[in-house]
Amino acid sequence: MARALSWLEGVALVALLAVSAGGGHAARAAAPAPAPEQDPEAARERAIFGEPATEPAPVEGNGTAAEGEGALPTVPGAVPGDQRDEDAIFGGSSGEDAGPGEPAGGPGGASDARFGAASPGYELQEDPLTIGGMLYLRFVSTFNDGVPFEDAALAMPNLLDLYLDARPDPRVRGFFSGRLRYDPTVAAGERDLLGQEVEAAKVLVDQLWVKTDIARRVFLTVGQQRIKWGASRLFNPTDFINSVQRDPLALFDERTGVPLVKVHVPIESLGWNAYGLLLFDGAETLSDVGYALRLEMVFGTAEVSLSGAFGGGRKTHLGADLSAGVGDFDVTVEVGVADETDTPRYAGDFDLGTLTLPTSEPYGKWAARVSAGIQYEFKPNDDDVMALGVEYYYNPLGYSDTDLYPYLLLTGAARSLELGQHYAGLVWAWPSPLSWDDGSIAVSTLANLSDPSFVSRLDVSARVHTRLTVEAYVQAHYGKRGGELRFGLDVPDLPAIPGVLDEPIAAFTVPPPLLVVGLNLRVAL
C-alpha cells in the first residue's frame, strides 16, 4: 500500500508541476485549440512515427532519429535502411516515445498524429487496439583460442516481443510491450563463470505506460518506458537514466524500459523542448524518488542539449551534448559529469593462487566522461550512398592494468566498455549496395586503446520477403590476451579454505574468443 501511495503522490506532484510550467493552462483551456498542423506535439509525433497509412509499413522502414540522437549508426554495422535498433527491427521509429512494433506510417503514425491535435470532443475510435511484435531467431557460434572446431560454443538467444497499443481516445494512449527470452541450448542447472544459474527462458515487461496531455500544451507519459539521451551513437556518457549503458556490439538495444513519469513542454516560439522526469526505479518511499531535467535547443544547424539527474540516493549526473552539421560532416560531442566521490578505485595485485587481493579507496572527486564523433556521407556513384564514421570515448575511471579485470568481474565492478580509459570506434556502412536494394553491408571496429584489444565485424543483411529479414555476421577478436575485447582467464589450483571454499578446485582456463559467427532470422508480426 505504501508503494502504491508513493507512486500516486509522485504522479500528482508531476501534474501540479506541469500545470505550473504551462503558465496557467487551465485559464487558457477554453481558448480555441491549435489546428493539427500548428500543434508542435502533433508535428513532432508525425515526424517520429510518419504520416498515417492504412497498413503497417514494411519491416525495413527507416525511423527518424530520437531525441538527442546523432547521425552515426548506433551499432557497429547498423546502416540507414537496415538499422539494427529494436525500433527499426520492428519497422517503426527509433524515437524515444516509440514502442517496439510501432510501424512507421502505420497505425502508430495515424493515432499519434491525432494524439496532440485538436478535436471537437471525444470520438470513439473504430480500431482502438493494435497488436503486433517481432519474432527474432538467433544462432551464434563462438570459436575460442585453443578449442577444437567441433567444440565451438553454440547459443540460440531467441526473442519474442509482443505489444498492445491502445488508443481509445485521440488524446489518450496506453502501451504494453512484453518480451520472452528463450535459449534452448541452456541445460537445466547450468551456471555461468560467476556461479550464477543461467535461465533458459525468461519473461520481461519491457514497457507499460499511458500517454496523455494537459490542455494540449503539456504532454505526459506515465509508466515504464524506453528512454535514451545523448548525441553520440556508440558511447553515451549522458545516457545516465538507464542503469546499464547500451552495448555497441549488440545487434540492437535489448535494454528494457525505466519506470518514470515524463513531462514534455514544447517551447513553441523557439522550437525547443523541455523535459522533467520523476524516476521510480527501486523507489520504496518518496525519498527514493529521483529527478531529472533535460532541455533541447536548436541553433541553426546545431542541436544542443543540457541534462541532469539527482536525488533518490542516486549519483548526481550533469550532461551536455551537441550535434551539428559542419560542411559535409556531422559532428557529435557529449560530456557527462558524475559525482564519483564514493566510487571505489582498485590498485595492487590480484592472485588467486596466493589469495592476494587488490586494495581500494574512494575516487574522491567528480569525473567527466567525454565522447566525440564525426561522420561523412558520400556518393561512390550516382545511385549509392556510403557513410563513414569514427568516434572516441574517454573514461577517467577506467584501468590500464588487465590483471585487475578478473577481480572486477568477480566482484561485479566490471561494466562493458567501461574497463579501459580510452576507446575508439569506426563504422563504414553501405546501404542498398549497387542494384541490391533490399540488402546492406557494413564493417565496424571497436577498440579498447588502454589494453589494447579489438573487435572487428562484418554485417550483411537482406530482406528476402516483405516481413522476413536474414542477417549474417562474422566478428573477430584480437589484440592483447586478457584484454577487455579478448578476455581470457587462467585459474590455478585452489585449495579448500574453511568458510570460503569447501572443496579444492583444479586449475582451469577460460580461453579468449577468436571468432564469432551469427545468423539471424527476424519476422515482423
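A salt bridge links Asp239 to Arg255: one of the charged nitrogens lies within less than 4.0 Å of a carboxylate oxygen. One finds a salt bridge joining Asp321 and Arg294 here, because a Lys/Arg side-chain nitrogen approaches an Asp/Glu carboxylate oxygen to under 4.0 Å. With respect to Arg138 and Glu254, a salt bridge is recorded, a charged nitrogen being found less than 4.0 Å from a carboxylate O. Under 4.0 Å is where a charged nitrogen must lie from a carboxylate oxygen, and between Lys228 and Asp253 no such pair does.
Checked by atom type and distance alone, the side chain of Asp451 never pairs as donor or acceptor with a backbone atom of Gly420 at under 3.5 Å. In this structure a side-chain-to-backbone donor-acceptor pair under 3.5 Å is missing from Thr402 to Gly483. Without hydrogens or angle criteria, Asp384 side chain to Leu434 main chain gives a donor-acceptor distance under 3.5 Å. Side-chain N or O atoms of Asn242 include none that pairs as donor or acceptor with a backbone N or O of Val244 at under 3.5 Å.
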(Q) Please determine whether side-chain hydrogen bond (donor to acceptor under 3.5 Å, both in side chains) holds for the pair Ser456 and Tyr478, giving the CA-CA distance in whole Å, both sets of side-chain angles, and the decisive distance to 0.1 Å. (A) CA-CA 8 Å; Ser456 294; Tyr478 52 101; 2.7 Å; yes

Q: Decide yes or no on salt bridge (Lys or Arg N to Asp or Glu O under 4.0 Å) for Asp339 and Lys365, but give the supporting numbers first.
A: CA-CA 7 Å; Asp339 183 359; Lys365 56 184 178 181; over 6 Å; no

Q: Starting from the C-alpha separation in whole Å, work towards a yes-or-no answer on side-chain contact (heavy atoms from CB on, under 4.5 Å) for Val523 and Leu137.
A: CA-CA 9 Å; Val523 180; Leu137 300 183; over 6 Å; no

Q.
If you apply the rule side-chain contact (heavy atoms from CB on, under 4.5 Å), what do you find for Phe235 with Leu417, and how did you get there?
A. CA-CA 9 Å; Phe235 310 101; Leu417 297 180; 4.1 Å; yes

Q.
Evaluate Asp459 against Ile441 for side-chain contact (heavy atoms from CB on, under 4.5 Å), listing each step before the verdict.
A. CA-CA 6 Å; Asp459 285 89; Ile441 301 174; over 6 Å; no

Q) Should Leu489 and Thr509 be marked as a side-chain contact (heavy atoms from CB on, under 4.5 Å) after you check the CA-CA gap, both sets of side-chain angles, and the distance that decides it? A) CA-CA 6 Å; Leu489 181 64; Thr509 297; over 6 Å; no

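By the 30° and 60° cut-offs, the orientation of the rings of Trp229 relative to Phe240 is perpendicular. Taking the six-membered ring where tryptophan is involved, the planes of Phe149 and Phe143 are essentially parallel, since the angle between them stays under 30° and well short of 60°. The aromatic rings of His422 and Tyr394 are tilted relative to each other, their planes meeting at an angle between 30° and 60°.
A centroid separation of less than 6.0 Å is found between the aromatic rings of Tyr376 and Phe378. Taking the six-membered ring for Trp, Phe454 and His477 have ring centres at least 6.0 Å apart.
Distance check, rounded to the nearest 0.5 Å: CG of Asp349 to CG of Leu404 gives 8.0 Å. Atom CG of Leu397 is separated from atom CG of Leu419 by 11.5 Å, given to the nearest 0.5 angstrom. Between the CD atom of Glu418 and the CG atom of Asn395 there is a distance of 4.5 Å, given to the nearest 0.5 Å. One finds the CZ atom of Arg226 at 14.5 Å from the OG1 atom of Thr221 (value rounded to the nearest 0.5 Å). Rounded to the nearest 0.5 angstrom, Thr445 OG1 and Leu426 CG are separated by 6.0 Å. The distance from the CD atom of Glu484 to the CG atom of Leu408 is 10.5 Å, given to the nearest 0.5 Å.
Nearest heavy-atom pair across Tyr399 and Ser450 is O-CB, 3.9 Å. Between Thr238 and Val335, the shortest heavy-atom contact is CG2-O, 3.2 Å. Residues Ile241 and Ala309 approach most closely at CD1-CB, 4.2 Å, considering heavy atoms. The two residues Ser360 and Pro344 come nearest to each other via the heavy atoms CB-CB, 4.4 Å. Between Ala283 and Asp288, the shortest heavy-atom distance links the atoms CA-CB, 3.5 Å. For the pair Tyr392 and Tyr423, the tightest heavy-atom approach, listed with the atom from each and the gap, is CD1-O, 3.1 Å.
Residues Gln225 and Lys262 have side chains in contact (heavy-atom distance under 4.5 Å, counting atoms from C-beta outward). You'll find the side chain of Asn158 reaches within 4.5 Å of the side chain of Pro184, heavy atoms only. Counting heavy atoms from C-beta outward, Arg181 and Arg179 have side chains that approach closer than 4.5 Å. The side-chain heavy atoms of Leu515 and Val474, taken from C-beta on, include a pair separated by under 4.5 Å. The shortest side-chain heavy-atom distance between Phe176 and Tyr163 does not fall under the 4.5 Å cut-off. Residues Tyr182 and Met156 fail the side-chain proximity criterion, which asks for heavy atoms closer than 4.5 Å. Taking 4.5 Å as the limit, some side-chain heavy atom of Leu160 sits within range of a side-chain heavy atom of Leu525. With a 4.5 Å cut-off on side-chain heavy atoms, Ser232 and Glu391 count as touching.
Taking the salt bridge (charged side-chain N to carboxylate O under 4.0 Å, His left out) definition, one finds that Arg481 meets it with Asp490, sequence neighbours left out. Under the salt bridge (charged side-chain N to carboxylate O under 4.0 Å, His left out) criterion, Glu340 pairs with Lys315, Arg369, not counting sequence neighbours.
Side-chain contact check for Ser461 and Tyr473: no donor-acceptor pair (N or O, by modelled atom type) lies under 3.5 Å. Between Glu471 and Tyr136, the side chains place a donor N or O and an acceptor N or O closer than 3.5 Å (distance only, hydrogens not considered).
Exactly one residue among Gln245, Glu334, Arg246 makes a side chain to side chain donor-acceptor pair (under 3.5 Å) with Asn236. That residue is Glu334.
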